[in-house]
Amino acid sequence: MTTRLYTHPIYLEHLTPAGHPERPDRLRAIQRVLDDEPFERLDRVEAPEGDEQTILYVHPEPFVEGIRRQVPEEGMERIDGDTVLSPKSWQAALTAIGAANAAVDDVFSKKADNVFVASRPPGHHAEKTTAMGFCLFNNAAIAARYAQKKHGAERVAIVDWDVHHGNGTQDIFWDDPSVLYCSTHQMPLFPGTGAKGETGVGNIVNAPLSPDTGSDHFRDAIRSRVLPALDNFAPDLIIISAGFDAHHRDPLAEINLTEADFDWATGQLMDRAARHSSNRLVSLLEGGYDLQGLAFSVAAHVTRLMKG
Ligand SMILES: [Zn+2]
């Protein structure tokens, strides 16, 4: 497998207040572990700046302009209690979108079999017209639309194993049968959405997990809910909203996964990508707030991506 890695120093310049869990050190921890020798073969590419027009595939222009106007010249500007803008946040967000779209280009042009994007800010809580939960724009949703518009993908699946429900992705594709959204997440937990009964037009598969459950329940949910939905849908591309905050060390949730679970889940999705989408798999970083849990989980995830 050729696995490409996109990242960029600008992602370290999206600043959040002291003590905020979504912080630049998360990416530093990932970079340190991916600099180790087992990852020498990774095809490392600096993330390109995104095309602003592609944001409009998902978010209306007045919302996008509203975010742009709120970016402060110095200091920080709060969108809500959790979600913050600093002077370089616009450029960081645009480069996160650029990397996600470039990853889609790469898997369709066969420059890579699969791609991991280590970027900030994350995206899956961003709804059509609401930035929230540390997220400004929905990177995975934009990449899915980009695959449809630029590469003629008919069906795109987004699998979200972040411990929080991706309310934004669900909101964006709620009545769109061309995109399948599957999520495992702790419930109850922020943002409160993601009940089993939320099914869109049959294209939304929510598999909530109770607090204090772990590997068995997570793997059951993937096996019994997510994989059958993928087989039924037969996507042309699989995008992973890859949050690693279901790790047992994570401070924001109570699901007890280990690195081995992320390795396993990655393998399952690669298997489906091989079966349905010529291996095309794009993985975008979402959450993960314990630096060690995050770094080890990303290492397991990327090791599996490279192995095939
Ligand atoms: Zn999360």
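Remember, it's 1-based here, ligands and their atoms both numbered in the order they're listed.
Taking the Zn ion (ligand 1) as reference, D245 places its N/O/S atom OD2 nearest. Looking only at N/O/S atoms, D162 comes nearest to the Zn ion (ligand 1) through OD1.
Ring orientation note: the planes of H247 and F262 are close to parallel, at an angle under 30° on the 30°/60° scale. Relative orientation of the H8 and Y11 rings is perpendicular, given thresholds of 30° and 60° on the angle between their planes.
Shown here are the side chain to side chain contact (heavy atoms under 4.5 Å, CB included) partners of A118, two or more places apart in sequence or in another chain: L5, T7, L27, I30, F116.
Under a cutoff of 6.0 Å and an axis angle of 45°, K149 and Y57 form a cation-pi pair.
For the Zn ion (ligand 1), the set of nearby N, O or S atoms under 2.8 Å includes one belonging to H164.
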